[in-house]
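Letters A, B, ... are given to chains in the order of the sequence lines, protein chains preceding strands, and every chain is numbered from 1. The structure displayed is predicted, hence computed values, not measured ones.
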Amino acid sequence: MASPLFIAKAQFTSAVLEAIKAAFPDAKIEAQDIEKSIAVPKSEMGDLSTSISFRLAKEMKKNPHEIALKISQGARGTKLVSNFTELNGYLNAALDTKAYSELVVGSVVSEKNRYGSMDIGKGGKVIVEFPGVNPNKPWHVGHVRNALLGSAISNILEFCGYSVERDDYIDDLGLQMAESLWGWLNLTDKPSGKFDQWLGEQYVSVNKELEKSEVKSAVNSLLSKLEVLDSKESQITRQMAERCVLAQNETAFSYGVYHDIMVFESDIVRGKLLDKALEVARRKGVLEKPEEGKYRGSTIVSMHKLAKYEKELSGGSEESKVLVRSNGAATYMAKDLAFHMWKMGITKSDFRYKKFVDQPNGKPLLGTCEDGDFKEFGNAKMAVNIIDARQRHEQLSMRAMFSLLGYEDLAKGIIHLPYGTVRIKGVDLSTRKGTWLGEGKNYTADDLLREVMDAAKKIVAESEKITDKSIVGSIANSVALAAIKFDFLKYAPESEITFSWDKALTFEGDTGPYCAYTYARATRVLERGGYKQPQATSMDQIGRGEDFELIKLIGGFAETVERAASEYRPNAITDYLLNIASLFSKFYEAMPILKGGETKEARLLLTFAARQVIGNALALLGISPIERM
RNA sequence: GGGCGUGUGGCGCAACUUGGAUAGCGCAUCGGCUUGCGGAGCCGGAGGUUGCGGGUUCGAAUCCCGUCACGCCCGCCA
């Protein structure tokens with residue numbers, strides 16, 4: 001169903017277009033031009049406005065004031081849009097208060113939790129990949145940002161009609177794993193507590209040992225054995241990785257982060273996807289094997305070939321991209337290329353899957369493995385990768401490889417969402433150096449949730465609205481998640497964030513708890529008004545204050561969702577939430593709902609609609625509504 | 001050397017892709033609101049030459065050119 005704002009804009013557009021054609025028959029203007037020029041101005045100006053007269057003024061060498069005035073006189077009102085006026089050269093119009101309110105409220109009532117959804121994706125399949133944490137450490141606060149962005153973007157795309165597959169990439173073959181394996185085999189402390197935490201701490205110890213050259217060479221020899229997939233070393237590492245992943249999953253679930261499948265890097269090699277990918281590349285003649293020089297004995301793609309497709313790649317100091325090292329081991333680039341060929345349906349699935357664990361959302365989490373069942377995953381039209389901005393160069397190279405291999409159309413479907421680094425007091429969070437270990441509390445996802453929940457508990461416990469003290473814990477949990485999720489998602493993805501406990505523990509101002517609180521207040525008013533399901537959607541008594549402003553904001557929700565989806569920016573949703581929560585609060589203060597006399601029904605209906613939309617927007621961010629807090 | 005990103009009141013950010021009317025929001029600060037539906041709230045004040053310089057335009061935080069500062073990337077690591 002079309003968004004109310006969209007319908008109103010369409011009526012405004014055709015009214016203006018008709019008036020322009022009548023007044024200025026020579027004007028070269030199309031509906032599209034007008035549509036693009038429409039804005040929702042400050043309410044003193046009107047409800048809709050267009051700056052089209054400025055454009056016409058240039059074309060016709062006339063004064064924009066006169067043009068707008070002429071249009072305003074000639075434009076015929078529609079059911080929703082009328083009262084055309086000119087101000088400062090702009091053409092403004094008013095929405096019909098009753099008709100538009102009924103359209104908006106009626107849409108919300110009939111569409112409920114689908115209000116604001118769209119079909120622009122039309123069932124096209126998109127794979128969202130996140131967060132790709134190495135399986136030898138706990139998630140830290142930086143990974144939380146990645147995971148929450150991935151979840152939110154998945155939700156938003158799904159709401160826009162895409163069929164979304166949530167994939168996680170588990171790198172169980174790299175150097176980090178070899179280092180952890182060395183620790184596993186050589187350090188004496190035994191696992192205790194949560195496995196990912198223990199392994200991560202051990203990894204920090206391993207890195208201190210790595211200063212010794214004999215340790216370094218031992219690790220290197222382990223690394224080469226990892227690539228031999230039936231070696232004892234490789235088996236142990238896989239077990240270690242799976243055990244760590246299961247622990248990381250507990251963290252993911254506590255944040256409400258879910259996936260469809262986990263793809264283990266070793267299975268990309270084992271399932272021959274890597275061989276197939278290299279074979280494709282070989283056949284297309286893009287690979288080279290230098291006999292001498294810097295890249296002697298390795299398999300490479302020369303950078304200048306790639307740079308033809310991504311000009312950013314030119315001019316750097318890297319001459320070639322190595323796919324297979326001279327010792328025969330494939331690089332990350334090769335495996336990522338193979339993974340993406342699978343994602344985009346170039347090479348078909350040779351993966352087998354088994355269930356790893358049942359997720360709290362009711363869906364099983366599958367992982368690739370050696371001896372499971374074949375399933376239909378991959379083969380998507382679009383791949384959205386939630387990957388650190390620092391890997392931009394690598395992602396561009398991978399995309400360029402697609403183009404170089406002749407898959408230019410598919411390359412367009414591979415989208416890197418480069419998110420900014422999360423730091424602590426200007427320092428990078430390094431798993432290696434252990435900067436994620438703090439004083440008293442660590443910068444891990446687990447500690448973050450625990451700390452924020454503790455702070456929330458204190459506040460919730462004091463709430464007079466919570467008479468049943470046994471639910472304090474679960475409400476505090478919801479409040480904490482609302483706070484954390486909102487906080488990570490409200491920044492533009494590309495911006496760098498400096499994490500601080502101060503900010504994390506704030507529940508006032510532009511925060512998730514503020515939005516949740518607004519939702520809870522709306523819920524309570526409806527309860528008190530004995531309001532279950534709206535019957536009629538008559539808005540005779542709607543006014544022209546905060547109430548209609550709220551109507552206008554609700555009417556444009558789908559436009560916000562569309563922007564969030566097309567630009568991969570969940571912060572468009574947080575912005576919207578702050579606006580609607582703030583506006584609802586103003587409305588709530590200024591206009592008595594239950595004591596509104598004859599306006600009561602309309603205001604209850606409006607409250608119902610506002611609450612529904614706040615709930616829908618929160619759901620896109622993965623924040624569950626809180627009825628009482 | 002090449003490239004990417006960032007720069008907006010004291011602090012943290014939004015708006016930049018698609019130029020539009022008086023640059024929004026939060027924190028902090030100053031003042032007010034509770035015998036009213038939930039004060040995690042609401043109202044008001046003070047605080048800005050959008051890093052700097054040029055250009056395009058009726059109109060620039062937004063586009064173009066230059067410049068400065070900070071961060072990041074350019075590996076047979078992932």
| query | Closest to the A/R423 side chain: B/rC72, B/rG36, B/rA21? | reply | B/rC72
| task | Answer with base, sugar-phosphate or nothing: what part of the nucleic acid does A/N92 contact at a heavy-atom distance below 4.0 Å? | result | base
| field | Results of ring-ring contact (aromatic ring centres under 6.0 Å, His included) for A/H340 - residues two or more places apart only | value | none
| query | B/rU8 and B/rG55: how far apart are their P atoms, nearest whole angstrom? | reply | 24 Å
| request: Report which part of the nucleic acid A/R524 touches: base, sugar-phosphate, or nothing (heavy-atom distance under 4.0 Å, all strands). | output: base
| remark: Judged by nearest nucleotide, the residue sitting upstream toward the 5' end of RNA chain B, A/L87 or A/A590, is A/L87
Quick one: which protein N/O atoms are closer than 3.5 Å to N/O atoms of nucleotides 3-6 of chain B? Pair and distance per line, please.
unit_1, atom_1, unit_2, atom_2, d
B/rC4, O2', A/R392, NE, 3.4

| said: By nearest heavy atom, map A/G315 and A/K465 onto RNA chain B; which one lands nearer the 5' end? | reply: A/G315
| query | Can you find a side chain N or O atom of A/K586 that sits less than 4.0 Å from OP1 or OP2 on B/rC43? | reply | yes
| task | Taking the side chain as every heavy atom from C-beta outward, state whether A/M401 and A/L306 have any atom pair closer than 4.5 Å. | result | yes
| request: Could you check which of B/rG20, B/rC37, B/rC42 has an atom nearest any side-chain atom of A/F54? | output: B/rG20
Nucleotide N/O to protein N/O under 3.5 Å, stretch nucleotides 76-78 of chain B:
unit_1, atom_1, unit_2, atom_2, d
B/rC76, O3', A/R325, NE, 3.1
B/rC76, O2, A/S326, N, 2.9
B/rC76, O2, A/S326, OG, 3.1
B/rC76, N3, A/S326, OG, 2.9
B/rC76, N4, A/K294, O, 3.0
B/rC76, N4, A/R296, N, 3.4
B/rC76, N4, A/R296, O, 3.0
B/rC77, OP2, A/R325, NE, 2.7
B/rC77, O3', A/R325, NH2, 3.0
B/rA78, OP1, A/R325, NH2, 2.0
B/rA78, OP2, A/R325, NH2, 2.9
B/rA78, OP2, A/Y332, N, 3.2
B/rA78, O3', A/D171, OD1, 3.4
B/rA78, O3', A/D171, OD2, 2.0
B/rA78, O2', A/D171, OD2, 3.0
B/rA78, N6, A/E394, OE1, 3.0

| task | Go through B/rA21, B/rA14, B/rG41 for me and flag the one nearest to the A/S49 side chain. | result | B/rA21
| query | Rounding to the closest angstrom, what is the interatomic distance between B/rA14 and B/rG9 at atom P? | reply | 13 Å
| With under 30° as parallel and over 60° as perpendicular, where do the rings of A/F84 and A/F12 fit, or are they tilted in between? | parallel
| note | A/R628 has its side chain closest, among B/rA21, B/rC16, B/rG38, to B/rG38
| message | Using the P atom as the point on both nucleotides, what is the distance between B/rA61 and B/rG51, in whole Å? | response | 10 Å
| task | Hey, can you tell me if A/H140 and A/H143 have their rings parallel, tilted or perpendicular (30° and 60° cut-offs)? | result | parallel
| said: Expressed as a whole number of angstroms, how long is the span from A/E66:CD to B/rC58:C1'? | reply: 14 Å
| query | What orientation do A/Y332 and A/Y169 show, parallel under 30°, tilted 30 to 60°, or perpendicular over 60°? | reply | perpendicular
| remark: A/V525 has its side chain closest, among B/rC13, B/rC37, B/rA40, to B/rC37
| task | Please determine, for the side chain of A/Y491, which listed nucleotide (B/rA14, B/rG39, B/rG26) has the closest atom? | result | B/rA14
| field | Residue from A/R521, A/K465, A/R628 passing salt bridge (charged side-chain N to carboxylate O under 4.0 Å, His left out) with A/E527 | value | A/R628
| Just wondering, do A/Y588 and B/rG41 stack (centres under 5.5 Å, planes under 30°)? | no
| field | Atom C1', compared across B/rG10 and B/rU29: separation rounded to whole Å | value | 10 Å
| query | Taking the side chain of A/V460 as heavy atoms from C-beta outward, which of B/rG38, B/rA40, B/rA21 is closest to it? | reply | B/rA40
| request: Among the candidates B/rG20, B/rG26, B/rC42, find the nucleotide nearest to the side-chain atoms of A/D510. | output: B/rG26
| task | Could you check whether A/G509 gets within reach of a base, just the sugar-phosphate, or nothing at all, counting any heavy atom under 4.0 Å? | result | sugar-phosphate
| query | Say you pick atom C1' in B/rU17 and the same atom in B/rC64; how far apart are they, in whole Å? | reply | 16 Å
| Nearest of B/rG20, B/rC42, B/rC37 to any side-chain atom of A/I593? | B/rC37
| Between atom CG in A/L56 and atom P in B/rG20, what is the gap in whole Å? | 18 Å
